[in-house]
Amino acid sequence: MHILDGADLGADYTVAQLLGETTVRRSLDLSDLSPQEQAALVESRAINLIPSAAVLAEKIEAAHAAGRPFVVKYGIDPTSPDVHLGHAVPIIIASRFQRMGHHVVFIIGDVTAKIGDPSGRSSERPPLTDEDIARNLSGYQQQVTPFIDFERADLRFNGEWLNKVTLPELVGVLARVPVSMSLQREDFRTRLAEGHGLSVAEFVYSVVMAWDSVAIDADVELGGVDQLLNLQMCRKVMEISDQAAEVVITTPLIEGTDGSGTKMSKSKGNYVGLSASPDDVYGRLMSIPDHLTQPYLQLLTEWTDDEIRVVTKRLEEGTAHPMAVKRILAGEVVAALHGLDAAAAARAEFTARFSKRSFGDAQNIPVVSLKDHAEDALGVLISRTLGFASSVSAVRRVAQQNGLRLIVEAGGDQQTTQLTEASVQQTLGDIVGEAGPLAGAELYLKVGRKVTRIDA
RNA sequence: GGCGGUAUGCCCGAGUGGCCAAUGGGAGCGGACUGUAAAUCCGUCGGCUUAGCCUACCGUGGUUCGAAUCCACGUGCCGCCA
């Protein structure tokens with residue numbers, strides 16, 4: 001994108017133009033790329049590509065020559081109802097395969113979920129029930145819809161074939177899989193060494209999921225790097241079953257928004273949910289440390305390596321502001337999930353609320369009606385009604401630490417009054433009353449970094 | 001099945017009869033500084049009608065003027081043996 005070279009990356013119109021271009025890309029047809037170009041495009045975002053990009057290109061060519069669909073497998077573990085940006089990384093690769101004209105098959109592990117993928121686990125995890133699986137799956141498809149065209153993809157439950165596997169079949173395959181292959185895994189060895197449980201079911205998990213690859217005769221399988229060992233087992237089992245081993249592609253795990261160096265995960269709270277609101281997605285991305293901007297751009301957008309290089313260079317030279325680039329990233333992700341208009345709106349909201357610190361322009365602030373809550377004690381209102389704090393004591397603490405403020409905004413002017421701890425017990429009506437006459441002014445209540453508007 | 005160990009606040013982890021709402025670290029929260037950054041510094045971190053009161057150290061009973069701390073039983077987890 002030529003715009004990246006010279007333009008002011010902080011300007012709204014530049015960003016709008018840029019996002020417009022990348023949005024077109026997200027649905028761009030890639031089927032006219034040669035097999036080699038396709039392989040290279042995929043390789044540029046992968047950590048492992050086993051055995052090689054050349055083999056991937058050959059397989060694409062062979063499928064084309066034989067007039068059969070080229071099958072890309074992606075396994076969904078229906079263990080959590082929330083999908084976040086970390087999951088989006090391989091999904092985006094799947095989207096590219098789809099746009100290259102290939103056949104993406106999502107495998108929903110209804111049977112394997114009952115075993116529980118042991119990868120990276122330090123202890124056994126509880127198996128899921130059928131209800132869990134159904135609930136988790138229902139949200140999944142909806143959440144990845146921005147990336148995947150489900151009209152053209154397959155969604156299959158592995159119970160379809162796994163429920164029919166006979167014991168002799170299973171034993172037949174297991175007999176040819178060396179135990180050492182699983183024992184080499186560090187996570188298993190650690191668990192055994194530390195005396196944590198490891199069930200035989202978990203031990204053969206990878207063999208069971210490999211059955212999926214055999215069942216659909218996969219050409220390629222995608223997964224996060226944490227899946228590498230499982231994916232290699234898929235290759236092994238396909239060979240045992242006299243099929244051509246699939247090409248394994250692993251994608252990086254993105255670091256969490258807190259910059260702690262650990263991967264994005266729900267349990268650490270350092271994630272951006274795909275179903276989050278535009279403002280939330282934008283805000284969470286703005287809070288990532290600067291050094292994550294570049295990897296995020298690479299893994300979550302359709303930017304080319306060249307484009308990322310241009311921006312990185314400008315950052316080093318100081319001709320682009322780190323925050324401006326991060327705002328573009330935030331816009332990219334919001335545009336992907338919610339569309340261009342939402343991205344522009346989130347950008348404007350962010351500017352109004354945090355950069356100009358004028359709340360009048362901000363749209364999505366919670367509102368409290370003075371009429372309805374005049375008799376409510378402030379502390380109760382903030383903790384119960386607004387949910388800004390976990391308890392009245394917490395509100396009290398914020399007040400003690402000068403975080404509780406009443407803001408009167410009239411025209412462009414702001415007047416801030418610090419509220420004391422005593423006011424936590426006063427009613428909202430009394431506090432507003434003390435602020436004096438308010439003709440034509442807007443009232444805001446600030447609790448730490450959270451804000452609410454008070455409507456007369 | 002036998003023997004031994006262990007169980008503390010969101011997490012890790014001190015505390016072995018009163019000075020314990022409980023040391024320390026992490027997370028969280030607030031303030032300063034900023035780009036709602038990051039890093040840093042300071043503060044805070046059970047609840048409530050907050051100079052006070054209430055509920056808490058796996059559960060239930062007990063000893064004691066007084067227990068997170070001692071005893072009994074139960075439960076979970078861990079180790080060794082079978």
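Per chain, numbering begins at 1; letters A, B, ... match sequence-line order. If you're wondering where the values come from, they're calculated on a predicted model, not measured in any experiment.
Separating the CD atom of A:Gln401 from the C1' atom of B:G28 is a distance of 12 Å, rounded to the nearest angstrom. Here B:A38 presents its C1' atom at 12 Å from CD of A:Glu255, a figure rounded to the nearest Å. In this structure, the CE atom of A:Met323 is 18 Å from the P atom of B:A39, given to the nearest Å. In this structure, A:Gln418 places its CD atom 9 Å from P of B:G31, rounding to the nearest Å. Taking atom CG of A:Asn402 as the reference point, atom P of B:C42 lies 18 Å away to the nearest angstrom. Atom-to-atom, NZ of A:Lys446 to C1' of B:G30 comes out at 11 Å; the value is rounded to the nearest Å. Nucleotide B:C29 holds its C1' atom 10 Å from the CZ atom of A:Arg449, rounded to whole Å. Atom-to-atom, NZ of A:Lys326 to P of B:G35 comes out at 12 Å; the value is rounded to the nearest Å.
The side chain to side chain contact (heavy atoms under 4.5 Å, CB included) search around A:Tyr74 returns A:Ile76, A:Pro90, A:Ile91, A:Phe106, A:Tyr140, A:Leu222, not counting sequence neighbours. Looking at residues two or more places apart in sequence or on another chain, you find a side chain to side chain donor-acceptor pair (under 3.5 Å) between A:Lys313 and A:Glu317. Qualifying salt bridge (charged side-chain N to carboxylate O under 4.0 Å, His left out) partners for A:Asp341, counting only residues two or more places apart in sequence or in other chains: none.
Across the P atoms, B:G52 and B:G15 are found 31 Å apart, a figure rounded to whole Å. Separating the P atom of B:U6 from that of B:A39 is a span of 39 Å, rounded to the nearest Å. B:C57 and B:C70 are spaced 14 Å apart, taking the P atom of each and rounding to whole Å. Rounded to whole Å, the separation between the P atoms of B:A27 and B:G17 comes to 34 Å. Taking atom C1' on both B:A22 and B:U55, the two are 14 Å apart, rounded to the nearest angstrom. B:G28 and B:U60 have their C1' atoms separated by 34 Å, given to the nearest Å. For the C1' atom pair drawn from B:C45 and B:A21, the interatomic distance equals 12 Å after rounding to whole Å. For the P atoms, the distance from B:A7 to B:A72 is 16 Å, rounded to whole Å.
The salt bridge (charged side-chain N to carboxylate O under 4.0 Å, His left out) contacts involving residues 368-382 of chain A comprise nothing, where partners must be two or more places apart or lie in separate chains.
Proximity note for A:Pro289 (side chain, C-beta onward) versus B:G35, B:G30, B:A38: the nearest is B:A38. Comparing atom distances between the A:Arg405 side chain and each of B:G31, B:C29, B:A38 picks out B:G31 as nearest. Closest approach to the A:His321 side chain among B:U36, B:G30, B:G35 is made by B:G35 (side chain taken as heavy atoms from C-beta onward). Across B:G30, B:U36, B:G35, the shortest atom-to-atom separation from the side chain of A:Val398 is found for B:G30.
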Name the atoms and distances for all side-chain donor-acceptor pairs under 3.5 Å in residues 422-433 of chain A, with sequence neighbours left out.
{"unit_1": "A:Ser423", "atom_1": "OG", "unit_2": "A:Thr420", "atom_2": "N", "d": "3.4"}
{"unit_1": "A:Ser423", "atom_1": "OG", "unit_2": "A:Thr420", "atom_2": "O", "d": "2.4"}
{"unit_1": "A:Gln426", "atom_1": "NE2", "unit_2": "A:Glu434", "atom_2": "OE2", "d": "3.0"}
{"unit_1": "A:Thr427", "atom_1": "OG1", "unit_2": "A:Ala374", "atom_2": "O", "d": "3.4"}
{"unit_1": "A:Thr427", "atom_1": "OG1", "unit_2": "A:Asp430", "atom_2": "N", "d": "3.2"}
{"unit_1": "A:Thr427", "atom_1": "OG1", "unit_2": "A:Asp430", "atom_2": "OD2", "d": "3.4"}

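Among the protein residues, A:Gly283 comes within range of the nucleic acid bases, having at least one heavy atom under 4.0 Å from a base atom.
Here the rule is side-chain contact (heavy atoms from CB on, under 4.5 Å) with A:Arg45, and of A:Ile93, A:Val89, A:Thr251, A:Ile249 only A:Ile93 fits it.
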Contact state string [nucleotides 47-55 of chain B, B base, S sugar-phosphate only, - no protein heavy atom under 4.0 Å]: SBSB-----
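RNA chain B is contacted by both A:Ser287 and A:Lys450; A:Lys450 maps to the nucleotide lying nearer its 5′ end (nearest heavy atom per residue).
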Quick one: do A:Phe147 and A:Leu337 satisfy side chain to side chain contact (heavy atoms under 4.5 Å, CB included)? Show the steps, please. CA-CA 8 Å; A:Phe147 302 101; A:Leu337 295 175; 3.9 Å; yes
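One N or O on the side chain of A:Arg314 and one on the backbone of A:Thr319 form a donor-acceptor pair closer than 3.5 Å.
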